[in-house]
Protein chains: 2
Amino acid sequence: MNDFNLGTLIKDHRKKAGLTQLELANLAGVGKTTVFDIEKNKETIRFNNLLAVLKVLNIKVEFISPLNK
Amino acid sequence: MNDFNLGTLIKDHRKKAGLTQLELANLAGVGKTTVFDIEKNKETIRFNNLLAVLKVLNIKVEFISPLNK
DNA sequence: GTATTTTTACCGCCTAAACAGTATAAAATG
DNA sequence: CATTTTATACTGTTTAGGCGGTAAAAATAC
């Protein structure tokens, strides 16, 4: 369970959008190394860089907790 | 719309858990400055540090996109 | 098959995140 | 009220993420 892979999710969306890593990086305003690291599931990246990449790919982030309403 | 505030969400959950910033930081294995920054919505924090804090508070992250299944 | 594109990987440099310590302001407690 | 705890803010140091450049490996196109 919970073998969710953020890197793969982003890579799939990037492919479907017809973008290379470099193109995605430029659109998101981050370096190509960052996109590469994200797709390799490196979690020490900065949160704002991840958000920038997700925004380009139209992926939204939601935070779920038992207390949420 | 979308005035969602991650810092406030985390702060509320921390309060309900009866934790101080320092206690939460220690439990998450991060510095107290990081917890403070997260609650102040500083987005340049590292993703793994945010995940560590969310885990302690039992908050899950979901990524939503039009392509998801 | 070869040529081209893309991905993966590594390299130094620079910047800023992360940290502990400290100090003050604010909040909570008695 | 005073006292204690917590949150906020600042500082100096250390560490590593981010970056472009480069190069080799892999995938794709011709």
Side-chain angles (χ1 to χ4, degrees):
Chain A
M1 64 175 181
N2 205 11
D3 50 7
F4 169 71
N5 193 317
L6 178 59
T8 301
L9 175 71
I10 290 180
K11 186 168 187 174
D12 289 346
H13 279 71
R14 175 175 63 78
K15 291 286 191 184
K16 287 178 181 172
L19 297 173
T20 67
Q21 288 181 338
L22 184 58
E23 288 170 336
L24 176 56
N26 290 337
L27 286 172
V30 302
K32 65 189 190 316
T33 308
T34 297
V35 171
F36 174 74
D37 288 344
I38 290 176
E39 293 190 356
K40 283 292 173 183
N41 293 299
K42 188 177 178 187
E43 291 186 337
T44 50
I45 52 160
R46 289 184 194 148
F47 186 47
N48 60 325
N49 284 345
L50 174 60
L51 290 178
V53 170
L54 291 174
K55 190 166 190 174
V56 171
L57 298 176
N58 199 26
I59 302 173
K60 296 200 185 309
V61 186
E62 281 194 5
F63 300 94
I64 315 292
S65 92
L67 286 66
N68 277 354
K69 183 171 300 143
Chain B
M1 61 174 183
N2 204 13
D3 50 6
F4 169 72
N5 192 317
L6 178 59
T8 301
L9 174 71
I10 291 180
K11 185 168 188 173
D12 289 346
H13 278 70
R14 175 175 62 79
K15 291 287 191 184
K16 286 178 182 174
L19 296 172
T20 66
Q21 288 181 337
L22 183 58
E23 288 170 337
L24 175 56
N26 290 337
L27 285 172
V30 303
K32 66 189 189 316
T33 308
T34 297
V35 171
F36 174 74
D37 288 344
I38 290 176
E39 293 190 354
K40 284 291 175 183
N41 293 300
K42 188 178 179 186
E43 291 186 337
T44 50
I45 52 159
R46 287 183 195 149
F47 186 48
N48 61 326
N49 284 343
L50 174 59
L51 290 179
V53 170
L54 291 174
K55 190 167 190 175
V56 171
L57 298 175
N58 199 27
I59 301 173
K60 296 200 185 309
V61 186
E62 281 193 6
F63 300 94
I64 315 292
S65 91
L67 284 68
N68 275 355
K69 185 173 307 143

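No hydrogens, no waters, no symmetry mates; every other heavy atom, side chains included, goes into these values. Chain naming here is simple, since letters A, B, ... match the order of the sequence lines and numbering starts at 1 in each.
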With side-chain contact (heavy atoms from CB on, under 4.5 Å) as the test, would you mind laying out the steps for A:E39 and A:K11 before giving the verdict?
CA-CA 6 Å; A:E39 293 190 356; A:K11 186 168 187 174; 3.7 Å; yes
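Atom-to-atom, CD1 of A:I38 to P of C:dT7 comes out at 14 Å; the value is rounded to the nearest Å. Rounding to whole angstrom units, CG of residue A:N26 and C1' of D:dG21 are separated by 14 Å. Regarding B:L22, its CG atom lies at a distance of 17 Å from the P atom of D:dA9, rounded to whole Å. Rounded to whole Å, the distance from CD on A:Q21 to P on D:dA26 is 15 Å. A:E23 places its CD atom 12 Å from the P atom of C:dT5, with the value rounded to the nearest Å. One can place CG of A:L24 at 12 Å from P of D:dC19, the figure rounded to the nearest angstrom. One can place CZ of B:F36 at 15 Å from C1' of C:dC19, the figure rounded to the nearest angstrom. Counting to the nearest Å, the C1' atom of D:dT5 and the CG atom of B:L19 are 15 Å from each other.
Nucleic acid contact class of A:N49 (heavy atoms, under 4.0 Å, all strands): sugar-phosphate only. Heavy atoms of A:T34 sit under 4.0 angstrom from primed sugar atoms or phosphate atoms, though from no base atom.
A:K32 contributes a side-chain N or O that forms a donor-acceptor pair with the base of D:dG21 under 3.5 Å.
The pair B:R14-B:E23 fails the salt-bridge criterion, with no side-chain N (NZ, NE, NH1 or NH2) lying under 4.0 Å from an Asp/Glu carboxylate O.
OP1 and OP2 of D:dT6 both lie 4.0 Å or more from every side-chain N or O belonging to B:K11.
At distances below 3.5 Å, not a single donor-acceptor pair connects side-chain atoms of B:D37 with backbone N or O atoms of B:K42.
A 4.5 Å side-chain heavy-atom check between B:L6 and A:F47 finds at least one atom pair inside the cut-off. Taking 4.5 Å as the limit, some side-chain heavy atom of A:H13 sits within range of a side-chain heavy atom of B:S65. Using a 4.5 Å heavy-atom threshold, the side chains of B:L50 and B:I10 count as touching. Residues B:K32 and B:F36 fail the side-chain proximity criterion, which asks for heavy atoms closer than 4.5 Å. No side-chain heavy atom of B:I59 sits less than 4.5 Å from a side-chain heavy atom of A:I64. Inter-residue side-chain proximity for B:L51 and A:E43 is flagged as met; some heavy-atom pair is nearer than 4.5 Å.
The residue among A:D37 and B:R14 whose nearest nucleotide of DNA chain D is located toward the 5' end is B:R14.
Closest approach to the B:K40 side chain among D:dG20, C:dT7, D:dT8 is made by D:dT8 (side chain taken as heavy atoms from C-beta onward).
Scanning residues 41-48 of chain A for heavy-atom distances under 4.0 Å to DNA chain D yields A:K42, A:T44, A:I45, A:R46.
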Dot-bracket for DNA chain D, 5' to 3', Watson-Crick and G-U pairs with both distances under 3.5 Å, [ ] for crossing pairs, | for partner on another strand, reads ||||||||||||||||||||||||||||||
